[in-house]
Amino acid sequence: MSQLISSCKEDFLDENPPSLYTPQTVLVDSLGFEAAMGGLQSVVREQYTRSDEQGLLGMMQLGTDVAIPGQVQGAEIPYYNYTLLNSQDRASDVMWSWAYRTINNANQIIQAAETAPATLRQGYKNRISGEARFYRAYAYNFLATLWGDVPLIEQAISSPRTDFTRTPVAEVNIFIINDLTTAIPSMLPASQAISGRITRGAAQQLLGEVYLRANQPALAETLLQAVISSGQYSLIRARYGVRASSPGDYFADMFIIGNQRRSQGNTELIWGIEQQLLVPGGTTSAQQRRMWVPAYYNIRGMALADSLGGRGLGRLRLSNWVDYRLYSTQDMRNSKYNLKRRFYYNDPAQTALFGRRVTGLVGSDTIYNITPYTTKWNQFDPADTFGFGTIKDLTMMRLGETYLLLAEAQLKQGNTTGAAASINVLRTRAQAAQVSASDITLDFILDERARELIGEEQRRITLVRTGTLISRTQRLNGASVTGLATKHQLLPIPQTSIDLNSGAVLTQNTGY
């Protein structure tokens, strides 16, 4: 939001088309609206595709139950050494600013759709407005989850403002719910006519999550059941796609380039951010592979390979809880195609080592260079072995998570039998043992989320939303964190926003 307070700087947005912050933008026809939507999508994509802070993605995984530091870069350090997390924190500032840029761009489209000429078909205006409302709701849900009370900006800002105040989270929730309930029935299409665009199912799933956070589980269950029964989505239960005849399994197939989109056979995808071909100027310097894939190439006898995920840096590693206690042996999500645990020397120039298993490494090699990892971010291009960026699509919502959210809604209503049934749908798909009603607790559901969504979900958001960040981190991964306290349940308001807000008091979260 500091960028909304300050003047419109040249680096406000780098994407093409340019930012809608400029007040000269006039939207009167479908070409203009499509360009504006392309700009909004490009801003949304930047949430998890920045390269300026290469450790940024670690803020959502480190300092939780699922990950410990590897080759840290900087921005992520306060998220496991909590004694360093303060109002000058760079990572929270980036994410805060991203959310308000998204909101401002969405506000421009929503307002323009309301005043667009009658020559523009009403159905089209409804659809473009509904899509913008989804993105606005998504950004506000992100803010309300991680910061609590936040400024509520309902109209586009075209000139500097310095009078922001924080709106109670209950009122922000009402605003989010109104956006989504407005968009779902008549604005958003049930199916995806254009690849990468938002559908009714994505809005229903987002609203279900909002209702869970707002402690309205019955309403959440209705929305999530609607997604499952819509006929638009189905779990992947058989091999498909570009490597269907190669060794692997159907869970791993979903995360292979060429298989990720609905047009490529991924019937489970509800919302994905496409890294190529969606709009000109799309970001391709995302750091997911550098974050999740270890730097195995630093070991003598190891060479970069597609089967090993390409060139990673191992900026984080999975926690011991994930590595050794989370999965059962037969669980497909624990197969060698999904969690890589064994390495073999693959450099033919090292004849004495070639083909042998990599064992016996000591010191930092056991943390930084060779470590179990999820293969969901594997990517390799032999023409670009250095591989700075990650061009894989981002899976933002898929049906596997819908069942997990549904189980959470059912548990909150005391329906542990229904919650067990929902989870067993996923466990059947994964060929894991079935569970019973007596097994179901919130902790069990959060365990199952890690089994299903490791490397996909932003774990911090889930644990903050469910109020379990502190308890689960300390119990399952306490050795990797320092100074975790009650105040860290919420992030600090960026000090830049507070300092620039000279026309009103923008209060800080407690303890910062």
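Here the structure is a predicted model, which means the values were calculated and not measured.
- At least one side-chain heavy atom of Gln205 sits under 4.5 Å from a side-chain heavy atom of Glu401.
- Of the N and O atoms on the side chains of Ser51 and Gln287, not one donor lies less than 3.5 Å from an acceptor on the other residue.
- Between Arg475 and Asp65 there is no salt bridge, since none of the side-chain N atoms of the basic residue sits less than 4.0 Å from a carboxylate O of the acidic one.
- Checked by atom type, the side-chain pair Ser422/Gln410 shows a donor-acceptor distance below 3.5 Å.
- Contact annotation: the side chain of Ile391 approaches that of Gln379 to within less than 4.5 Å [non-hydrogen atoms, C-beta and beyond].
- Taking OG1 of Thr395 as the start and CG of Leu269 as the end, the distance is 6.0 Å to the nearest 0.5 Å.
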Phe134 vs Leu206, test: side chain to side chain contact (heavy atoms under 4.5 Å, CB included). Steps then yes/no.
CA-CA 8 Å; Phe134 170 87; Leu206 177 57; 3.8 Å; yes
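- Side-chain atoms of Ser42 never come within 3.5 Å of backbone atoms of Gly39 as a donor-acceptor pair (strictly under, hydrogens ignored).
- Remark: side-chain polar atoms of Asn266 are paired, donor with acceptor, to backbone N or O of Gln260 under 3.5 angstrom.
- Looking at Thr267 and Ser234, their side chains do bring a donor and an acceptor atom within 3.5 Å of each other.
- Side-chain atoms of Asn259 come within 3.5 Å of backbone N or O of Val242 as a donor-acceptor pair.
- The shortest non-hydrogen separation linking Ser87 to Pro492 is CA-CB, 3.9 Å.
- Atom CG of Asn298 sits about 4.5 Å away from atom CG of Asn369, to the nearest 0.5 Å.
- The two residues Phe380 and Gly310 make their nearest non-hydrogen contact at CD1-CA, 3.6 Å.
- Using a 4.5 Å cut-off on side-chain heavy atoms (C-beta onward), Lys336 and Arg342 make no contact.
- Contact check for Tyr373 versus Met291: no side-chain heavy atoms found under the 4.5 Å cut-off.
- One side chain, Glu457 or Thr462, offers a donor N or O that lies under 3.5 Å from an acceptor on the other.
- Between His488 and Tyr512, the closest side-chain pair of non-hydrogen atoms falls below 4.5 Å.
- Glu452 meets the side chain to side chain donor-acceptor pair (under 3.5 Å) test with Arg333, Arg398, Arg429; sequence neighbours excluded.
- The closest donor-acceptor contact from the side chain of Arg356 to the backbone of Ala352 lies under 3.5 Å.
- Rounding to the nearest 0.5 Å places CG of Asn378 at 8.0 Å from CG of Leu308.
- A salt bridge links Asp323 with Arg317: at least one charged nitrogen is closer than 4.0 Å to a carboxylate oxygen.
- Nearest heavy atom pair, residue Val44 against residue Trp98, reads O-NE1, 3.5 Å.
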Derivation of the side chain to side chain donor-acceptor pair (under 3.5 Å) call for Ser436 and Asp439:
CA-CA 5 Å; Ser436 63; Asp439 297 313; 3.2 Å; yes
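- Of the charged side-chain nitrogens involved, at least one lies within less than 4.0 Å of a carboxylate oxygen, so that Glu408 and Arg465 count as a salt-bridged pair.
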Side chain to side chain contact (heavy atoms under 4.5 Å, CB included) between Ile454 and Leu326: does it pass, once the steps are laid out?
CA-CA 11 Å; Ile454 192 73; Leu326 179 61; over 6 Å; no
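- Using a distance-only test at 3.5 Å, with no hydrogens or angles considered, no donor-acceptor pair links the side chain of Thr390 to the main chain of Lys392.
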Residues Glu209, Tyr138; criterion side chain to side chain donor-acceptor pair (under 3.5 Å); working and verdict
CA-CA 10 Å; Glu209 182 181 317; Tyr138 172 75; over 6 Å; no
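- The distance from the CZ atom of Arg451 to the CG atom of Asn338 is 14.5 Å, given to the nearest 0.5 Å.
- Between the side chain of Glu268 and the backbone N or O of Gly400 there is at least one donor-acceptor pair closer than 3.5 Å.
- Among residue pairs with one or both ends in residues 389-411, none qualify as ring-ring contact (aromatic ring centres under 6.0 Å, His included); sequence neighbours excluded.
- Considering every non-hydrogen atom in both Thr385 and Leu304, the closest pair reads O-CD1, 3.5 Å.
- Proximity of a side-chain donor or acceptor of Asn424 to a complementary backbone N or O of Val435 within less than 3.5 Å is detected.
- Remark: side-chain polar atoms of Ser97 are not paired, donor with acceptor, to backbone N or O of Val94 under 3.5 angstrom.
- Residue Asp253 holds its CG atom at 11.0 Å from OH of Tyr337, rounded to the nearest 0.5 Å.
- Salt bridge status for Arg243 with Asp306: present, with a side-chain N to carboxylate O gap under 4.0 Å.
- Between the side chain of Asn509 and the backbone N or O of Leu491 there is at least one donor-acceptor pair closer than 3.5 Å.
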Give the C-alpha distance, both sets of side-chain angles, the deciding distance and a yes or no for side chain to side chain contact (heavy atoms under 4.5 Å, CB included) between Tyr135 and Ile198.
CA-CA 9 Å; Tyr135 288 127; Ile198 297 300; 3.5 Å; yes
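- Cation-pi geometry between Lys376 and Phe255 is satisfied (NZ or CZ under 6.0 Å from the ring centre, within 45° of the ring normal).
- With Trp147 as the partner, the ring pair (Phe, Tyr, Trp, His ring centres under 6.0 Å) test is satisfied by one option alone out of Trp96, Tyr100, Tyr140: Trp96.
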Applying side chain to side chain contact (heavy atoms under 4.5 Å, CB included) to Glu131 and Gln41, what does each step give before you reach the verdict?
CA-CA 10 Å; Glu131 198 166 356; Gln41 289 173 315; 3.9 Å; yes
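- With rounding to the nearest 0.5 angstrom, the CG atom of Asn141 is 14.0 Å from the CZ atom of Arg136.
- Comment: Arg239 does not engage Asp249 in a salt bridge, judged by the lack of any side-chain N to carboxylate O separation of less than 4.0 angstrom.
- Residue pairs that meet the side chain to side chain donor-acceptor pair (under 3.5 Å) test with at least one member in residues 69-82, sequence neighbours left out, are Tyr79-Asp89, Asn81-Thr83, Tyr82-Arg460.
- Side-chain contact between Leu207 and Gln204 is absent, with no heavy-atom pair separated by less than 4.5 Å.
- The two residues Tyr233 and Gly201 make their nearest non-hydrogen contact at OH-CA, 3.6 Å.
- The existence of a salt bridge linking Arg90 and Asp52 is excluded, since no basic side-chain nitrogen approaches an acidic carboxylate oxygen closer than 4.0 Å.
- In the model, Thr199 has no side-chain atom that pairs as donor or acceptor with a side-chain atom of Gln192 under 3.5 Å.
- Using a 4.5 Å heavy-atom threshold, the side chains of Val66 and Leu318 count as separate.
- Looking at heavy atoms from C-beta onward, Met95 lies out of side-chain contact with Leu146 at the 4.5 angstrom threshold.
- At distances below 3.5 Å, not a single donor-acceptor pair connects side-chain atoms of Gln350 with backbone N or O atoms of Asp347.
- Classification of Glu448 and Arg427 as a salt-bridged pair holds, one side-chain N sitting under 4.0 Å from a carboxylate O.
- Scanning both residues, Leu406 and Ile228, for their nearest heavy atoms gives CD2-CD1, 3.7 Å.
- Under the 3.5 Å distance criterion, with hydrogens and angles disregarded, a donor-acceptor pair is assigned to the side chains of Tyr297 and Arg311.
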